[in-house]
Engineer: 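Encoded as structure tokens, here's the structure I'll be asking about.
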2 protein chains.
Amino acid sequence: MADQQRADARRNYARILAVAEQEVAAHGADASLERIARVAGVGSATVRRHFPGRRALLRAVFAERIEALSARAAALTDAADPAAALRDWLAALTDYAASARGMADALAQDRLTEPEDVQSCAAKLAGALEPLVERAARAGAVTADVTAADLITLVTGIALATEHHPDPAAEAHRLLDLTWRGTGSAA
Amino acid sequence: MADQQRADARRNYARILAVAEQEVAAHGADASLERIARVAGVGSATVRRHFPGRRALLRAVFAERIEALSARAAALTDAADPAAALRDWLAALTDYAASARGMADALAQDRLTEPEDVQSCAAKLAGALEPLVERAARAGAVTADVTAADLITLVTGIALATEHHPDPAAEAHRLLDLTWRGTGSAA
DNA sequence: GTACGATACGGAGGCCCCCGCCAGTTAGCA
DNA sequence: TGCTAACTGGCGGGGGCCTCCGTATCGTAC
């Protein structure tokens, strides 16, 4: 499959992806595809060919981070304290979502595709997170009716809402803490 | 001030605002200003003159809702149960933010202006909410370190993250409930 | 080493959008 | 009624997204 791709195509793919990472980091989820093409030294049609739609490009840009987070979740599955493991992972996700511009948008928008879409960043993350949540639930450390998808949605929302803050990461972590403890519980 | 405005200017202002409400409801926060002008039967420059920037237009569009929510907060200040009053108000805000397309964006973007900006939708809401939060805090019904701004940010985030969901309102309310109770508390 | 078919490329054109400037027009006042 | 200033709408520039299509390049078979 990948070998049936021509060598120049693979070269361009890599070059575009590298530029896209920089541009998204600099300008967020609505970086200019045109500009990415220009900087990468390819025609705009080539960008569209490799990444049909902004969504696809964002997915590719964040694929590595998603992978890393999935791996982290897997590693945490055997941790001694299920509740702490879950919290740790959520904090890590918050870090990524709050600091990597565009990632929260990518996660939020991915949600409207079919939930079964294996390509979806959100679905992949939810799948990786599920075991952690189940373990925490069995230990009675989370409310019974919370799902992995819920948690990812909440973190995504926090990241989106704090994006325009000064020091978004700190604010996001504060709000995550609030969400975890519950705003309504008595002190 | 408002009387020094010419009659036709006021007419156009009202017409543009009415069209803008429909367009924003239909296409969300990034409705086309050009299109609004066309539908309203005025030049695009006229829209720009009355509402310098998309932000200003969104503020005007949602001003009534903001006003209504502020009034509601004032009315709830004397309610018997401070905790229930706060919850009710948050549910109302969630309703608005989740069903009125673009409102969540408006709130989130408003946050990056100076916090003291009285024109800011978010600031106005926070100001109206403050007494409710204080009363609930005094009654020990909320965690001590939560502020009105925090709560608005959380609801805004939930609305943003559930925007692309089927049935966003239901999902938003579910997540609000989760946030209120705390995801991490044991069942 | 060459010639051929398939594949990928990239520039041009269409369409839309936001923005700022302009002279014309109209409302309100004397 | 006539004047003045505020208000108006159209136009052009700059940019972005998307599609089409002729062309250059790659990989392979001879």
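Side chains are part of it too, since the values below use all heavy atoms of this structure and drop only hydrogens, waters and symmetry mates. Computed from a predicted structure; not experimentally measured. In the text below, chain A, chain B and the rest are named by the order of the sequence lines, each starting its count at 1.
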Engineer: Does anything in residues 16-23 of chain B reach DNA chain D, meaning a heavy atom under 4.0 Å, and if so which residues?
Structural biologist: none
Engineer: Any donor and acceptor pair, going by atom type alone, linking the side chain of Thr46(B) with main-chain N or O of Val42(B) inside 3.5 Å?
Structural biologist: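 It does not hold such a pair.
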Engineer: Ignoring hydrogens, what is the shortest heavy-atom contact between Gly182(A) and Thr143(B)? Give both atom names and the distance.
Structural biologist: O-CG2, 3.2 Å
Engineer: Do Leu160(B) and Met103(B) belong together in a cluster built from hydrophobic side chains that touch within less than 4.5 Å?
Structural biologist: no
Engineer: Nearest whole Å is fine: how far is dG10(D) C1' from Arg49(B) CZ?
Structural biologist: 12 Å
Engineer: Could you note down all residue pairs passing ring-ring contact (aromatic ring centres under 6.0 Å, His included) where residues 136-155 of chain A supplies at least one of them, sequence neighbours left out?
Structural biologist: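 Of all non-adjacent pairs touching residues 136-155 of chain A, none passes ring-ring contact (aromatic ring centres under 6.0 Å, His included).
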Engineer: Could you please spell out the steps behind the side chain to side chain contact (heavy atoms under 4.5 Å, CB included) verdict for Arg55(A) and Asp110(A)?
Structural biologist: CA-CA 8 Å; Arg55(A) 188 88 47 77; Asp110(A) 246 3; 3.6 Å; yes
Engineer: Okay, side chain of Arg54(B), backbone of Ala29(B): is any donor-acceptor separation there less than 3.5 Å?
Structural biologist: yes
Engineer: Take the C1' atoms of the five end pairs on each side of the helix from dG1(C)-dC30(D) to dA30(C)-dT1(D), derive the two axes, and give their angle rounded to 10 degrees.
Structural biologist: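 For the helix from dG1(C)-dC30(D) to dA30(C)-dT1(D), the axes at either end differ by 0°.
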Engineer: Within this structure, what is the NE2-to-P distance between His27(A) and dC17(D), rounded to whole angstrom?
Structural biologist: 12 Å
Engineer: With no hydrogens and no angle check, is any side-chain donor or acceptor of Arg65(A) less than 3.5 Å from a backbone partner on Tyr96(A)?
Structural biologist: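 Side chain of Arg65(A) to backbone of Tyr96(A): no pair is present.
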Engineer: For DNA chain C, which nucleotides open and close the run of contacts to chain A, 5' to 3', at under 4.0 angstrom from a non-hydrogen atom?
Structural biologist: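 Using the under 4.0 Å cut-off, the span is dA6(C) to dG11(C).
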Engineer: Nearest whole angstrom, please: distance from the P of dT25(D) to the CG of Asn12(A).
Structural biologist: 13 Å
Engineer: Identify, with sequence neighbours excluded, every residue that meets salt bridge (charged side-chain N to carboxylate O under 4.0 Å, His left out) alongside Arg35(A).
Structural biologist: Glu23(A)
Engineer: Tell me, which pairs form a salt bridge (charged side-chain N to carboxylate O under 4.0 Å, His left out) where one or both residues lie in residues 137-155 of chain A, sequence neighbours left out?
Structural biologist: Glu134(A)-Arg138(A), Asp145(A)-Arg181(B), Asp150(A)-Arg174(B)
Engineer: Tabulate below the donor-acceptor pairs under 3.5 Å that side-chain atoms of residues 69-80 of chain B make, not counting sequence neighbours, or state none.
Structural biologist:
unit_1, atom_1, unit_2, atom_2, d
Ser70(B), OG, Ile66(B), O, 3.0
Thr77(B), OG1, Ala73(B), O, 3.0
Thr77(B), OG1, Ala74(B), O, 3.1

Engineer: Mind running a 4.0 Å heavy-atom check of residues 35-46 of chain A against DNA chain C and sending the residues that fall below it, in number order?
Structural biologist: Gly41(A), Val42(A), Gly43(A), Ala45(A), Thr46(A)
Engineer: Glu34(B) has an atom CD; how far is it from atom C1' of dG13(D), in whole Å?
Structural biologist: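 Result: 13 Å.
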Engineer: If a pair satisfies ring-ring contact (aromatic ring centres under 6.0 Å, His included) and one of its residues is in residues 17-68 of chain A, list it, with sequence neighbours excluded.
Structural biologist: Tyr13(A)-His50(A), Tyr13(A)-Phe51(A)
Engineer: Main chain of Ala149(B), side chain of Thr153(B): is a donor-acceptor contact present, judged purely on distance under 3.5 Å?
Structural biologist: yes
Engineer: Between N or O atoms, less than 3.5 Å apart, protein on one side and nucleotides 26-29 of chain D on the other: list the pairs.
Structural biologist:
unit_1, atom_1, unit_2, atom_2, d
dG27(D), OP1, Ala7(A), N, 3.2

Engineer: My understanding is that only residues two or more places apart in sequence, or in another chain, count here; which of them pass side chain to side chain contact (heavy atoms under 4.5 Å, CB included) with Asp95(A)?
Structural biologist: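 Residues passing side chain to side chain contact (heavy atoms under 4.5 Å, CB included) with Asp95(A): His173(A).
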Engineer: Keeping Ser120(B) on the side-chain end and Ala123(B) on the backbone end, is there a donor-acceptor pair under 3.5 Å?
Structural biologist: yes
Engineer: Apply side-chain hydrogen bond (donor to acceptor under 3.5 Å, both in side chains) to Arg87(B) and list each qualifying residue two or more places apart in sequence or on a separate chain.
Structural biologist: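 Arg87(B): side-chain hydrogen bond (donor to acceptor under 3.5 Å, both in side chains) contacts with Asp177(B).
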